[in-house]
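Below, read A as the first sequence line, B as the second, and so on, with proteins coming before strands; counting in each chain starts at 1.
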Amino acid sequence: MAPRSLSIITGTLLCSFVIVPLLAVWRHADASASLGPAEWAALRFTILQAFLSALLSCFLALPVARALSRTQFPGRRLVIKLMGAPFILPVIVAILGLLAVFGQNGWLNAALRSLEMGSFSIYGLHGVLLAHVFFNLPLATRLILLGWATIPQERFRLAQHLALTPSARFRLIEWPMLRVVLPSAFAVIFVICLSSFAVALTLGGGPKSTTLELAIYQAFRFELDFAKVALLGLIQLGLSLSAAILALRMAHEDQLGIGFDRPIDCEARSVIQKFHDTLAIFLALMFLGIPLLLVLANGLSNLSSLPVAVWMAALRSVLIALGATVLCLLLALCLLSRSGEVLATLGIAVSPLLLGTGLFLIARPFLNPFDISLIVTLCVNALMSLPFAVRILRPEMIKIVSNFSRLSLSLGFSYRSWVRWVVWPRLRRPLGFAAGLTAALSVGDLGVIALFGDAERATLPFKLYQLMGSYRTEQAAGCASLLLILSFSFFWIFDFWGRRNA
Amino acid sequence: MLNMLNLRLQQGAFNLLASVPNLSPKIYAVMGPSGAGKSTLLAALAGFVPVQSGTLSWQGIDITSWKPADRPMAMLFQDNNLFPHLTAERNIALAVTQHRTLTKSTRQKILTALMRVGLEGFGDYKPGQLSGGQQSRVALARVLLQDKPIVLLDEPFNALGPALKNDMLDLLQILAHERKSLVLMVTHNPEDALRIAHETLLVSDEQVSLPVSTPDLLANPPPALATYLGKRVTVQ
């Protein structure tokens, strides 16, 4: 859409925005610095938890996806839609919900205590895994479900026709699909979990369960040891780049894909199969739904008694989210080419914390870097959503050009008319969707702000983190429901705007 | 008069030479085997595909390098002739204006055009709410408003059923006759050609033939066309 020169300028800006901070950190890297035992442990833990999270998510998603693919019930489409919700759910809110179930004073421990069976601690590796499975089980379910939807209906009919046994059916029809889909789902989740920060920050910690991202944060915030930040950041960069390349080679489907609308034949199932399917869907819904319902139940009544500081933080978060959305979409519109898509993906491979550190180091000689913490957060948030925005917009743009450019040429459209009569109305829907995702992701992000945040410059997620840290449970619950409402309203409003009149 | 003087089209291994002088305001069918370059020829005439060499002229004026919108041609494609997000009225209006507000005279012209194609009262419908035949009519109404002396048709009625298609062809014939338009119509269906085009340009063996009488051509097709048609067409 954008003229070529503008694309090149944007691409260059984007590259320098990523590379210059990297260089700034690199300059502080100490040649003599080497990996100590703590760094090795962080690296090992990062890989271990990502591997286990991906494995568990895929393993648990399998029965859920299978059940959803062959069960018809009212609300099935809604359930599938809800499976997409964790993507925009603020991590810190989900953690508060999980704490309400699995935490020290949660349901699980209350039950265990009443049965006098000891207690369960959510902190450590299993807590991190729990949270990662919470976020990625739905993603894996959707990816696998999409795989099921790509199997032609005729094959299932043929299987019934030939009276294939369940095992033969699995071997001949379903396994070939799973063999392709499962590794790519695993790879995607593995990459996502590699750069886990907020989960590790709240549920991990301690030398035994520190991820690289968390180690970067600690080296910056508590030690101001830039050589260490640089070293850790470069390891993280290498790790996530190689994993991302691996995932890109394996990923063959659009992860944000649609196409669940196809009606599915209901095959004859045995009573046991029906029971299994119902149980799988029920358990998944409980696991995903209860923590969020608890957040709302505990928090909504506290909304009115929230202190002014929380509302100020909310205001900051809203402004940052709006700014990040505008910036992200402007960048995305200038990068709707193949190379643009690659560039946009590169931005996400660099750890936000590393970027933040780099920008801090650049700004330090000139001004108090904490003064620009909100701007930095805005920019990093825009960058984080950029690959998604480009992936959402580009296919539609390609379609617009291939379908309507000749007609527009023959009508003698000027650039302005082309945008006004063709591109804008056709692109509005994906624009709304992309804006919704960006705003929701941005408003709930607890990343780079954790580096710079303080009481006067807190965003809402950071404020929530502080409230949780100081055990102000009621305020934290109110704050979490506010954040939850904000992020989902953002998504809903933008998406609705895009769909209106479409 | 439309003159193609040694027009050479080239795209990779594809080659086509068109040298057809003095096409007068009539309906010509463009026929030939698949892949011979019928659509490419039309796209080149409309200015979407650059020509390698040669001259295209209209009424003695060289238009070889004119932009598509400046050429004396309106074109209907195989599909995507309408913007699905705009109403029929707005789609037609884009032939004359790109402003948001329509003047009274423009509105009147659109109403007349809609009436002419038998779609009175359908101005506020979007293409998705119209049948395939009605969509073709809206596109034709826009061509009317574009008011160009040459109309290029790249099988736009292909997706219609036989009866609807014949209706559209008849309507096209009436309109073309009234306005003395020069129509070039790509078709792979001999009945369509016989129905409205007295003369046909045959595209085969990397060449565009001079206009030949359609009944004669179909009664006695050259080998390339005979293979393509599969059987001889009987002409009553």
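A salt bridge between B:K38 and B:E155 is absent, with no side-chain N of the basic residue lying under 4.0 Å from a carboxylate O of the acidic one. The pair A:E396-A:K399 meets the salt-bridge criterion, since a charged nitrogen lies less than 4.0 angstrom from a carboxylate oxygen.
When each of B:H99, B:K148, B:R71 is checked for heavy-atom pairs under 4.5 Å with chain A, B:H99 comes out on top. Contacts with chain A were tallied for B:K67, B:R90, B:M75; B:R90 has the most, counting heavy-atom pairs under 4.5 Å. Ranked by non-hydrogen atom pairs under 4.5 Å with chain A, the options B:A46, B:A43, B:P84 are led by B:P84.
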message: Could you walk me through whether B:T187 and B:N189 satisfy the side-chain hydrogen bond (donor to acceptor under 3.5 Å, both in side chains) test, starting with their C-alpha distance in whole Å, then the side-chain angles of each, then the deciding distance to 0.1 Å, before giving a yes or no?
response: CA-CA 5 Å; B:T187 179; B:N189 190 344; 5.7 Å; no
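Only the side chain of A:R420 comes within less than 4.5 Å of a heavy atom of chain B; its backbone N, CA, C and O stay farther away. Using a 4.5 Å cut-off between heavy atoms, B:L76 does not touch chain A at all. Neither the backbone nor the side chain of B:D79 has a heavy atom closer than 4.5 Å to any heavy atom of chain A. Both the backbone and the side chain of B:F83 come within contact range of chain A, with heavy atoms under 4.5 Å apart. Both the backbone and the side chain of B:L94 come within contact range of chain A, with heavy atoms under 4.5 Å apart.
A:S417 and A:S414 share a side-chain donor-acceptor pair at under 3.5 Å.
Cation-pi geometry between B:R100 and A:W421 is met: under 6.0 angstrom from the ring centre, within 45 degrees of the axis.
The distance between the ring centers of A:F496 and A:F491 does not fall below 6.0 angstrom.
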